[in-house]
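Quick note: numbers below take in every heavy atom, side chains included, and nothing from hydrogens, waters or symmetry partners. To find a chain, count down the sequence lines: A is the first, B the second, and so on, and within it residues start at 1.
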Amino acid sequence: MKIGKVTGSVWATRKAACLSGQTFLVVDVENQQVVAADHVGAGVGDRVLLAMGTVASRYCMDAPVDAAVVAILDAK
Amino acid sequence: MKIGKVTGSVWATRKAACLSGQTFLVVDVENQQVVAADHVGAGVGDRVLLAMGTVASRYCMDAPVDAAVVAILDAK
Amino acid sequence: MKIGKVTGSVWATRKAACLSGQTFLVVDVENQQVVAADHVGAGVGDRVLLAMGTVASRYCMDAPVDAAVVAILDAK
Amino acid sequence: MKIGKVTGSVWATRKAACLSGQTFLVVDVENQQVVAADHVGAGVGDRVLLAMGTVASRYCMDAPVDAAVVAILDAK
Amino acid sequence: MKIGKVTGSVWATRKAACLSGQTFLVVDVENQQVVAADHVGAGVGDRVLLAMGTVASRYCMDAPVDAAVVAILDAK
């Protein structure tokens, strides 16, 4: 997984029907923006673990997403 | 997922039979061109969310595509 | 998918048995060489769409390939 | 697979329920940080082989992880 | 697939049980080191085709590997 920092969220009115009810966070990963589904409850500023690929989709009830927040790292 | 901007489309007469009926958009993602199947109805200039990999194929009825537009981001 | 340009082909006498009968093209994608299975009939100079990953394997009858030509783009 | 060097570990109290009981190591791979599940027993300083993607998830009982330590390389 | 050149091999005493009996070659691919399972019989100096991802695992009897040598290119 990659460690990233949540910087915001995105909203889409027009989307795949199966994406309804998913929350999408913008996560900064090595200076690149990744949009990830979140079922853990992360917020802006949290350092998170991202799982990418089919793994993320399976974790999100097979929704067509390829990135998901799977953990919020404890503050050091 | 990655955020991209739709810049055009491509057309192919000779293609895998199972690609018939799919619309292919050219999307600029971090200055790289990705061609993605679109079932959401995006157009040139739209900012979109792209899902990549097997996830995209599954979303497109198992067609041999590895990128799909899954959402059109709302204008800020 | 990625857009690439076919620059040649490769040949291998010693290979996985399940690769017999597959044609392998060398495709230039953003200045990197990708070797892709071709069932569409592309030739040197053609601009093609490449599907990558498990998707490509499934398209090629589950052969152990991770890239496949799925379409030949029409000349503009 | 990629060769990496274990540099530490991460801990997360808030996480996907299915991640409980997994150990997560921070592995330096070509100067990038990857967080990988470990069931082999690697420690800081070990040179390890990482498997990435769905493969890693399957190896970790289908947990939502996309990287796993699958071997500790013998010292030369 | 990617074309690479075999530069050596690695050995691991401590590893995932399901990796026993696999041979792991170090392959130089565009100046990056990839470790790939080999069932074709490649040796140092051979130019090989690598399949990556789930495809490689399936080719290696579902072992937790994400890269496999699937062909040895004929000398030109």
Of the listed D/V27, D/V34, D/D62, the one with the largest count of heavy-atom pairs under 4.5 Å with chain A is D/V34
Proximal component of [X], with respect to chain D [non-hydrogen, under 4.5 Å]:
{"X": "A/V40", "answer": "side chain"}
{"X": "A/I72", "answer": "both"}
{"X": "A/D46", "answer": "side chain"}

Flag the pair D/V65 / A/V70 as yes when at least one side-chain heavy-atom distance between them is below 4.5 Å, and no otherwise.
no
Closest non-hydrogen atoms of A/A71 and D/A12, given as atom of the first, atom of the second and distance, are CB-CB, 3.8 Å
Check: A/K2 side chain, D/Q33 main-chain N or O, donor-acceptor pair, under 3.5 Å
yes
Within the distance-only criterion (no hydrogens, no angle test), does the side chain of D/D66 pair as donor or acceptor with the backbone N or O of A/M1 below 3.5 angstrom?
yes
Can you tell me how far [atom2] of [Y] sits from [atom1] of [X], rounded to the nearest 0.5 angstrom?
{"X": "A/I3", "Y": "D/F24", "atom1": "CD1", "atom2": "CZ", "answer": "11.5 Å"}
{"X": "D/R58", "Y": "A/T54", "atom1": "CZ", "atom2": "OG1", "answer": "9.5 Å"}
{"X": "D/R14", "Y": "A/D74", "atom1": "CZ", "atom2": "CG", "answer": "8.0 Å"}

Can you say whether D/A63 sits under 4.5 Å from chain A via the side chain, the backbone, both, or neither, judging by heavy atoms?
backbone
